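Everything below concerns the one structure shown next.
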Protein chains: 2
Amino acid sequence: MYRRRDTRREQLVAEITNNLRRYAVDAQQVGHAFANLHGLNPTDLQALIAVMDAELLGDPITPGRLGEQLNLSSGSVTALIDRLERAGHIRRDRDTADRRKVLLHYADQGAALAMEFFQPLGARTDTVMARFGEDELEVVHRFMAEMSESLRGHRDEVRAARPESPRRPTG
Amino acid sequence: MYRRRDTRREQLVAEITNNLRRYAVDAQQVGHAFANLHGLNPTDLQALIAVMDAELLGDPITPGRLGEQLNLSSGSVTALIDRLERAGHIRRDRDTADRRKVLLHYADQGAALAMEFFQPLGARTDTVMARFGEDELEVVHRFMAEMSESLRGHRDEVRAARPESPRRPTG
DNA sequence: TCCGAGTATCTCGACAATCGAGATTATCGA
DNA sequence: TCGATAATCTCGATTGTCGAGATACTCGGA
């Protein structure tokens with residue numbers, strides 16, 4: 001964000017970078033605000049979306065994998081799922097094949113909530129996209145796909161890094 | 001994400017929407033992982049970025065406004081600033097004009113951390129953008145600017161909404 | 001069928017971030 | 001100087017999270 005802007009191209013790069021960053025921040029705040037509004041905490045909403053995503057991909061998520069995605073300990077995951085299940089957002093089902101496993105499915109309550117979360121967002125997204133031609137959307141699509149891919153790579157790198165001196169403020 | 005995909009255009013819209021959502025989720029997880037790595041919690045990192053942003057715009061943020069941005073109560077903000085100040089990330093300064101106000105500035109420690117956070121991200125962003133022509137970047141820029149603007153509007157709407165029955169589970 | 005190693009999930013006590021009401025400190029107009 | 005207003009901080013209660021150990025299940029071998 002804080003870089004040379006001598007050429008038009010550099011200026012574009014700088015501003016796009018800015019916008020991506022702001023988009024990410026704002027998205028997080030939308031999630032936070034929405035969660036508050038519905039008596040959830042942000043983790044709950046993240047979890048709900050992850051459960052829904054996995055299920056729609058035909059590959060229901062387990063508590064273990066959910067914990068990896070959200071970076072939670074096993075204890076926290078159990079508490080999290082308890083909360084969501086108590087609120088009627090999701091269900092726990094044992095995997096019939098491997099009965100050690102628990103598969104998470106969203107319940108009606110959770111589907112409704114996710115819908116309520118995504119619908120206004122989708123409407124706004126559509127409005128913006130309506131102002132772009134199909135060839136332009138092709139460009140945007142290619143850009144977002146690569147950007148998304150790149151960010152996922154970065155996330156995995158950061159996660160792989162081990163804290164060398166985690167919290168030792170000058171001993 | 002879950003919509004008709006009859007035409008190429010609809011397909012594009014659907015996939016871009018998907019990518020935006022995934023980008024937001026992944027960005028949040030990067031923040032979470034990075035914060036963990038450095039002994040912070042996600043709120044601390046968000047706050048640090050907000051302080052840095054405000055200061056670079058020439059308009060240093062106050063604890064009150066920081067609390068609004070992050071949706072924290074005044075007590076939490078004080079604790080948050082205490083943590084960050086103790087860790088050497090930011091400084092508190094009284095506003096000389098209105099001495100009730102406290103202005104937050106990032107200290108060297110905080111600048112270094114923010115740099116460490118953004119640099120690898122910037123490198124990746126640059127790599128992706130290098131694969132696009134200047135006219136393509138113009139399109140992406142316009143798209144991201146409008147998208148970002150739209151999302152901010154949505155955030156404010158969600159924040160303005162008041163929880164009608166916040167947490168009364170059929171009590 | 002029984003055993004033991006391996007894996008997934010859950011239980012529980014300790015810790016830390018957050019909330020929210022009230023106290024504190026500073027400003028501004030009369 | 002005094003009272004009203006505003007920004008920040010203090011403190012007790014609540015709640016999400018951690019992490020080690022317990023529990024439940026699977027799978028291969030005898």
Side-chain angles (χ1 to χ4, degrees), chain A residues 29 31-33 35-48 51 54 59-87 89-105 163 166-167 169, chain B residues 29 31-33 35-48 51 54 59-87 89-105 163 166-167 169:
Chain A
Q29 294 184 349
H32 193 100
N36 268 357
L37 191 60
H38 292 275
L40 306 172
N41 60 42
T43 303
D44 293 357
L45 183 63
Q46 273 186 275
L48 190 57
V51 167
D59 180 25
I61 201 169
T62 65
R65 291 211 299 123
L66 183 60
E68 280 172 30
Q69 271 203 35
L70 304 190
N71 243 314
L72 293 179
S73 67
S74 67
S76 306
V77 172
T78 300
L80 165 66
I81 297 173
D82 284 350
R83 284 197 300 274
L84 289 177
E85 198 172 32
R86 209 177 313 121
H89 293 314
I90 65 173
R91 264 182 310 110
R92 268 184 251 234
D93 282 331
R94 285 276 169 196
D95 188 342
T96 48
D98 183 343
R99 303 207 26 250
R100 289 171 303 182
K101 289 186 186 171
V102 167
L103 297 180
L104 303 177
H105 301 277
R167 21 174 83 240
Chain B
Q29 294 183 350
H32 193 102
N36 268 358
L37 192 59
H38 291 276
L40 305 172
N41 59 44
T43 303
D44 293 357
L45 183 62
Q46 273 187 274
L48 190 57
V51 168
D59 181 25
I61 201 170
T62 64
R65 291 210 300 124
L66 183 61
E68 279 172 32
Q69 271 204 33
L70 305 189
N71 244 313
L72 294 178
S73 67
S74 66
S76 306
V77 172
T78 300
L80 165 66
I81 297 174
D82 285 350
R83 284 197 301 275
L84 289 177
E85 198 172 32
R86 208 177 314 120
H89 292 315
I90 66 172
R91 265 182 310 113
R92 266 185 252 236
D93 281 331
R94 285 278 167 195
D95 187 343
T96 49
D98 183 345
R99 303 210 23 253
R100 286 172 304 185
K101 289 186 184 170
V102 167
L103 297 180
L104 303 176
H105 301 277
R167 17 175 84 243

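Note that the structure is predicted; figures quoted are calculated from it, not measured. Quick note: numbers below take in every heavy atom, side chains included, and nothing from hydrogens, waters or symmetry partners. To find a chain, count down the sequence lines: A is the first, B the second, and so on, and within it residues start at 1.
Between A:Gln46 atom CD and D:dT17 atom P the separation is 10 Å, expressed in whole Å. Look at CG on B:Leu84: it is 15 Å from C1' on C:dT18, rounded to the nearest Å. Rounded to an integer number of Å, the gap from A:Leu80 CG to C:dT9 P is 13 Å. Rounded to whole Å, atom C1' of C:dT9 lies 12 Å from atom CG of A:Leu103. Going from atom CG of B:Asp44 over to atom P of C:dA16 covers 13 Å, rounded to whole Å. Taking atom CG on B:Asn41 and atom C1' on C:dC15, their separation rounds to 13 Å, with Å as the unit. Taking atom CD of A:Glu68 as the reference point, atom C1' of C:dA8 lies 12 Å away to the nearest angstrom. Note: CD1 (B:Ile61) to P (D:dT8) measures 10 Å, nearest angstrom.
Between B:Leu70 and B:Leu80 there is a side-chain heavy-atom pair separated by less than 4.5 Å. Contact check for B:Thr43 versus B:Leu45: no side-chain heavy atoms found under the 4.5 Å cut-off. Side-chain contact between B:Val102 and B:Arg94 is present, with heavy atoms from C-beta onward closer than 4.5 Å.
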Next item on the list: Spell out protein contact along nucleotides 19-30 of chain C as letters: B when the base is contacted, S when just the sugar-phosphate is, - when no protein heavy atom is under 4.0 Å; keep the 5' to 3' order.
Entry: BBB----BS---
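For the OP1/OP2 pair of C:dT18 and a distance below 4.0 Å, the side-chain nitrogens and oxygens of B:Thr43 include at least one atom meeting the criterion. Checking the phosphate oxygens (OP1, OP2) of D:dT10, no side-chain nitrogen or oxygen of B:Thr78 falls inside 4.0 Å.
The pair B:Asp93-B:Lys101 fails the salt-bridge criterion, with no side-chain N (NZ, NE, NH1 or NH2) lying under 4.0 Å from an Asp/Glu carboxylate O. Ion pairing between B:Glu85 and B:Arg92 holds under the 4.0 Å rule for side-chain N and carboxylate O.
A:Leu66 contributes atom CG, which lies 6.0 Å from atom CD1 of A:Ile81 (distance to the nearest 0.5 angstrom). Here B:Gln46 contributes atom CD and B:Asn41 contributes atom CG; the two are 9.5 Å apart, rounded to the nearest 0.5 Å.
Distance from the side chain of B:Arg83 is smallest to C:dT18 among C:dT18, D:dC9, D:dT17.
Within the nucleic acid shown, A:Arg65 has no heavy atom closer than 4.0 Å to any nucleic acid atom.
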